[in-house]
There are 2 protein chains.
Amino acid sequence: MINGAMLIGDTERQAASRFQSHDPATGAALEPGFSSATAEDVAEACALAAAAAPGYAASDPESRAVFLEAIASAIEAVGDDLILRAMQESGLPRARLEGERGRTTGQLRLFASVVRQGDWLDATIDPAMPDRAPLPRPDLRRMNLPVGPVAVFGASNFPLAFSVAGGDTASALAAGCPVVVKGHPAHPGTGELVARAIQSAVTQCGMPAGTFSYLPGETNALGAALVGDPRIKAVGFTGSRGGGLALVRIAAERAEPIPVYAEMSSINPVILMPAALAARGTALAEGFVQSLTMGAGQFCTNPGLVIAVGGEALDGFVAAAGEALARSAPATMLSPGIHASFEQGVALLAQHDSVETVARGLPCTGENQAVGALFQTSAAQFLADAALGHEVFGSSSVIVRCADLADVVRVVASLEGQLTATLQLDQADIADARRLLPVLADRVGRVLANGWPTGVEVAHAMVHGGPFPATSDGRTTSVGTLAIHRFLRPVAFQNLPPELLPNAIAETNPWGLARRIDGIREGSPR
Amino acid sequence: MINGAMLIGDTERQAASRFQSHDPATGAALEPGFSSATAEDVAEACALAAAAAPGYAASDPESRAVFLEAIASAIEAVGDDLILRAMQESGLPRARLEGERGRTTGQLRLFASVVRQGDWLDATIDPAMPDRAPLPRPDLRRMNLPVGPVAVFGASNFPLAFSVAGGDTASALAAGCPVVVKGHPAHPGTGELVARAIQSAVTQCGMPAGTFSYLPGETNALGAALVGDPRIKAVGFTGSRGGGLALVRIAAERAEPIPVYAEMSSINPVILMPAALAARGTALAEGFVQSLTMGAGQFCTNPGLVIAVGGEALDGFVAAAGEALARSAPATMLSPGIHASFEQGVALLAQHDSVETVARGLPCTGENQAVGALFQTSAAQFLADAALGHEVFGSSSVIVRCADLADVVRVVASLEGQLTATLQLDQADIADARRLLPVLADRVGRVLANGWPTGVEVAHAMVHGGPFPATSDGRTTSVGTLAIHRFLRPVAFQNLPPELLPNAIAETNPWGLARRIDGIREGSPR
């Protein structure tokens, strides 16, 4: 079922140059070898995508929704082979990958419902006013159109939900954009199984062949060729800051610059407010270490920074967190490269003059394992060295001891853009939290209270985004239904004859949309 | 009333370095001299804007709407002094500027109504599902928040509607963002009068002093300092491609890159479909020349390209358009610089081997006057030299003679991104137009039928934008109410205690918004 092919439109093809994936738990190479796509393959996939774009964009919402659902069913039909291969390639446990598969197919079905519902079209009509003085008003109708072919770069840490058929692909296809995926080299077998599922759904649903292509490979040149191709109109990426910024640069230097939606790095500050810390420090410590070490800490939303006012209560939290971490088992990381980066980041903190090591987890028992790491420093020292605020991808976190709440505000205000910020607070903390909230909201995509940032719900109200450098474009999200808007742009139609008006804005409203007429949504209560 | 000051927050100040504006009709310098703001002035205005941002962002919709209305009233209260100064500085006639003032104040009041209505908040709630298996769903609420201080660069060609209190300023203030305007050096007196009106409205409405600052100046360094200031979070610009791209570059190279909404260049193709051309070529020629020469052709939406299948009907159109243009009066352009660019662009076309001059307008009678210019070439020649598709700002246009409809499609497909495309068509053209429409819509922000692109309605359904290089960000518009979204970003709030929830997403819905609950808008008909 896996043969290492590239899937270009409705064809499959083997490249001469090959690479292999590895089991991170053993370091062993996995069979088969995979195609390394070339610049010529990129050009062919992009040409097919461009040819498919008008036809796919013109698909009606029902057909497009059925297509998204067919992808979900095709992924499920792969069965346990998908889970087994993903376990081998990622080192992640079965339960986690089964959950991730459910999230991936659920996400596709959620986007199907969004496509059917039609709000994403933002259909807006300002009827003509032929008698208006001094000038008549023309008939003006606006709707969203897909931007065109989208390049998707999957992440290593979610081989299903942020990869070949992940949120970027699902939202781009929902928007009506063909997708060319650059497969992640850490899980090419998993990627191929999912890509074949999408390819089969394209055929089954009669969508244009170029609606989807899959290009495995392990070189930066492949990604650069894809983002540089003039037929690509937007890019979705989840990964490192370095990788994301490289794509942003390539996209900006094109003859026609295009948007890059790169979800890059975040240390996800957790603020322990005084009353909550005093009342339930030990429980918070346990919850924190669980969130920190889950999945070897390999989450964009991993809590890498804890901020609190120093004192007995914080001492108790630090002691309890240290004990919990010291009991935590080592966990296989996704790849040797990610493991090496983690080790390097932890070593920098451990050797830093201003940083004290609170605890490490239980020692390694195998290849590429992360041993949890917890550090502490003072607010003054944190503010003095920006390096202490850099992301260490994996289960590493720094506790910042503050003198008082003003100090907490200073530390928060010094932070770069983040995906999340978490407030642990009790009733007595509300007044202080109210002062802190605007400062937090200004820096993040999601503020949460009395929970942990890991675990990102796929929902309408979710924002998995945030100001730079959490993402390259803080106006949007890569998780949740709002993500569809990354791949749309508004177009106005003025005085078009009825025969030429697209369905979404036709006078007869054949799709039954709740449209905005003269600024008021049809069916609006006011 | 005009003294050449900078307005920084609620203060006014004279800079040591000065510049003067000129009457383009005579070349005479106008009194008084104006302050050239320095990098220190930029820093002070931006610091004030950053300090004002949280308070202004927290203003409730009613207060913010009243503030926008107060600006409109304060501009009206300047009275005829504003029109007289704008006439002197721009060379534009009274009727045009009176209309533009009405558009400017109408735009502010339209945004006031938008702010009150509240759809821009995109309030979205996914209620908690505590009993969901395998994991409970948290309470998730999303709303839009302002991005922070915005830098606005006015355009020379609309000294009121695209300048100090133009669409960029109105939409940024509506979004809850403080604004720092870099005044356009071609109309500093007009700018100062409007800036004083805004400053008085800030005081009158009790908004934070840093909500608005006005920095006149004529150097590129001033603009660079403003866009480079770390407290600025987005930029609105209308002007030349060179100017816009320079700001895009500065914004991308910041430690924290920010979005630049630059509306830059467009040649606004007009396609004359065969039946329409045959039936009403002479009337089309007259409408075309009127649109071409209006306001000395100084519109972003000026029809700089006409595309049609060659033949007798097109010959008739060309002859009639040439005759109409030959009767057109010369018109004073906005500045010597714009006039020189126009002359240069026209000379390049006139001397081009592949281009024939159809007609020129009546000769100059004064300084800085544009003489209309109409050229023609073939599709093959147009396709062979990209320079023929470059914008010549002013009343210059090129007619492209095609062999057949396939040729028309080829020419359209070769075009860069445009603000508009116009179809002149009759009933017999519908089938052909249906094939052409997706190609057009893919390249523009607005498609219009049987009208002319000049004249941009300020409305909900308007898109004054388009793919690069029409703008630097084709996902949006700089005219119409959708423009508010340029200065907003979504933030999610998870499991926040009711006491901390912003009004827009509070359980009690104190603002009575039509919110999206579990993906369905409240009050929605379905």
Side-chain angles (χ1 to χ4, degrees), chain A residues 54 58 113-114 117 119 124-126 137-138 140-142 145 148 252 256-257 259 430 433-434 437-438 441-442 444-451 457 459-463 467-468 474-475 477 481-482 489-497 499-500 512 514 516 518-519 521-526, chain B residues 54 58 113 117 119 124-126 137-138 140-142 145 148 252 256-257 259 430 433-434 437-438 441-442 444-451 457 459-463 467-468 474-477 481-482 489-497 499-500 512 514 516 518-519 521-526:
Chain A
S113 76
V114 164
Q117 196 262 348
D119 262 12
T124 299
I125 299 176
D126 294 326
R137 184 170 86 172
L140 265 176
R141 292 160 193 255
R142 168 167 63 78
L145 292 179
E256 180 194 355
I430 293 280
R434 196 172 281 132
L437 190 60
D442 198 42
V444 307
R446 176 166 56 116
V447 178
L448 58 151
N450 295 332
E457 186 71 31
H460 302 288
M462 177 51 71
V463 177
F468 184 90
R475 293 165 287 182
T477 176
T481 57
L482 186 67
R489 67 179 186 91
V491 177
F493 297 88
Q494 179 174 323
N495 284 345
L496 241 62
E499 298 92 328
L500 291 180
R516 207 183 281 111
D518 257 336
R521 198 173 294 270
E522 286 176 306
S524 160
R526 299 188 306 151
Chain B
S113 75
Q117 198 261 348
D119 262 11
T124 299
I125 299 176
D126 294 325
R137 185 170 86 172
L140 265 176
R141 292 159 193 256
R142 169 166 63 77
L145 291 179
E256 180 195 353
I430 293 281
R434 197 173 279 130
L437 190 60
D442 197 42
V444 308
R446 177 166 56 116
V447 178
L448 58 151
N450 295 332
E457 186 71 31
H460 302 287
M462 177 50 71
V463 177
F468 185 91
R475 292 166 288 181
T476 179
T477 174
T481 59
L482 187 66
R489 66 181 188 89
V491 177
F493 297 88
Q494 180 174 323
N495 283 345
L496 241 61
E499 298 93 326
L500 291 180
R516 207 181 283 112
D518 256 336
R521 198 173 294 269
E522 286 176 306
S524 162
R526 297 190 304 156

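Numbered from 1 within each chain, the chains take letters A, B, ... in sequence-line order. Excluded from the calculations below are hydrogen atoms, water molecules and symmetry mates; all remaining heavy atoms, backbone and side chain alike, are included.
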- Task: Could you tell me which residues satisfy side-chain hydrogen bond (donor to acceptor under 3.5 Å, both in side chains) with A/R434, sequence neighbours excluded, listed by chain and number?
- Result: none
- Query: Are side-chain heavy atoms of A/R142 and B/L482 found at a separation under 4.5 Å?
  - Reply: yes
- Note on the structure: Smallest heavy-atom separation, B/L437 atom then A/L500 atom, equals CD2-O, 3.3 Å
- Item | Contact leader toward chain A among B/S113, B/A58, B/A459, where contacts are heavy-atom pairs under 4.5 Å | B/A459
- Task: Could I get the full list of side-chain hydrogen bond (donor to acceptor under 3.5 Å, both in side chains) partners for B/R489, not counting sequence neighbours?
- Result: none
- Note on the structure: Looking only at B/P54, B/P138, B/A441, the option with the highest number of non-hydrogen pairs under 4.5 Å against chain A is B/A441
- Query: Where does B/D119 contact chain A at under 4.5 Å (heavy atoms): side chain, backbone, both or neither?
  - Reply: side chain
- Is any side-chain heavy atom of B/N495 less than 4.5 Å from a side-chain heavy atom of A/N450? no
- Query: Among B/R141, B/E499, B/E256, which has the most heavy-atom pairs under 4.5 Å with chain A?
  - Reply: B/E499
- Relative to chain A, which segment of B/R475 carries a heavy atom at a distance below 4.5 Å: side chain, backbone, both, or neither? both
- Task: Sort B/P438 into side chain, backbone, both or neither according to what part of it lies under 4.5 angstrom from a heavy atom of chain A.
- Result: neither
- Proximity breakdown for B/L496 and chain A, heavy-atom pairs closer than 4.5 Å: both
- For B/T477, is it the side chain, the backbone, both or neither that has a heavy atom under 4.5 Å from a heavy atom of chain A? neither
- Message: Between B/A252 and chain A, with a heavy-atom cut-off of 4.5 Å, which part of the residue counts as in contact: side chain, backbone, both or neither?
- Response: neither
- Closest-packed option against chain A by number of heavy-atom pairs under 4.5 Å, given B/V444, B/I125, B/L145: B/V444
- Query: Would you say the side chain of B/I430 lies within less than 4.5 Å of the side chain of A/P497, judging by non-hydrogen atoms?
  - Reply: yes
- From the list A/E457, A/M462, A/H460, side-chain contact (heavy atoms from CB on, under 4.5 Å) partner of B/D126 resolves to A/H460
